[in-house]
Amino acid sequence: MSVQPITTWILAAICAALITGIAWRFRALAPSGVIAATMMGTVVVGTGGWWPGIILVVFFVSSSAISRIGPQSDHQARGAQRDWVQVLANGWPMLIGCLLFGFSENTNWLLFGIGGIAAATADTWSSELGRRSHAPPRLITTGKVVQTGTSGAVSSMGLIASFGGASLIAILLGISSIGAIWPVVLAIVIAGFAGGLIDSLLGATVQERRYCDHCQRLTESNPHRCGTSTRIVGGIRGINNDGVNVACAFTGAIIGGISGILFL
Ligand SMILES: [Zn+2]
């Protein structure tokens with residue numbers, strides 16, 4: 001078992017509180033998200049070390065910044081203010097991975113966490129930048145042209161953004177002191193990109209699809225950003241974007257963990 005010294009825990013808690021406090025000021029986190037993200041950041045650094053913490057911060061800051069560029073999206077209406085559910089839906093593999101690394105000292109658990117974050121980054125970047133695409137997106141399952149913002153829709157800009165987000169996390173792993181070799185770094189790119197694709201695939205199939213009668217638009221949120229409650233027009237009731245994000249992060253995490261078993 002290896003956990004960081006108590007001074008690291010304290011320093012990590014101070015850094016996490018500062019960053020999440022700033023995020024709250026900029027309305028990127030709801031109060032429950034501040035608490036969840038502060039605890040997550042502290043435990044991740046305390047058990048996994050500083051590099052997993054840095055990777056977590058880069059995911060969080062880049063995703064929050066990207067969702068602020070350009071016109072408002074549905075995600076922002078529910079809040080660019082991420083709540084504790086959204087924080088955990090994206091970050092759980094990193095939290096679990098670092099905790100298990102602390103107990104086992106097995107680096108594969110760190111790669112499990114980093115693969116999960118690569119997927120979360122790829123997914124957030126692609127959904128936020130993809131909806132800025134001027135070309136209409138296509139449904140990943142049928143290739144049919146659909147409205148921007150439709151769950152499961154992909155565009156070339158979204159796919160490039162997904163690759164970019166995954167690559168950024170992989171590069172951080174490459175320069176980190178975690179000691180990953182290039183096949184593992186490459187695997188993290190694949191982990192992130194695959195997680196993004198799974199997110200789209202589940203978004204197109206099982207995720208509940210909602211419709212706002214007021215705006216006559218498909219949406220993921222309820223109520224819609226206009227305040228009207230939305231009705232389900234497809235998918236499975238109860239499987240929302242958070243549930244799909246859990247699966248997206250899991251896909252990246254599994255690929256990241258397996259890459260460690262294969263190559264390290
Ligand atoms: Zn509406």
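Start at 1 and go down the list; that is how both ligands and their atoms are numbered.
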Trp9 atom CH2, over 12 foreign heavy atoms within 6.0 Å: yes

Main-chain N/O of Gly243 paired to Asn240 side chain as donor or acceptor, under 3.5 Å: yes

Atoms of type N/O/S from protein, distance to the Zn ion (ligand 1) below 2.8 Å: 4

Trp92 and Phe250 aromatic ring geometry - parallel, tilted or perpendicular at 30°/60° bounds: parallel

Glu105 side chain to Ser2 side chain, donor-acceptor N/O pair below 3.5 angstrom: no

Selection residues 228-241 - residue pairs positive for salt bridge (charged side-chain N to carboxylate O under 4.0 Å, His left out), sequence neighbours left out: Asp213-Arg231

Euclidean distance, Thr107 OG1 relative to Ile178 CD1, rounded to 0.5 Å: 8.0 Å

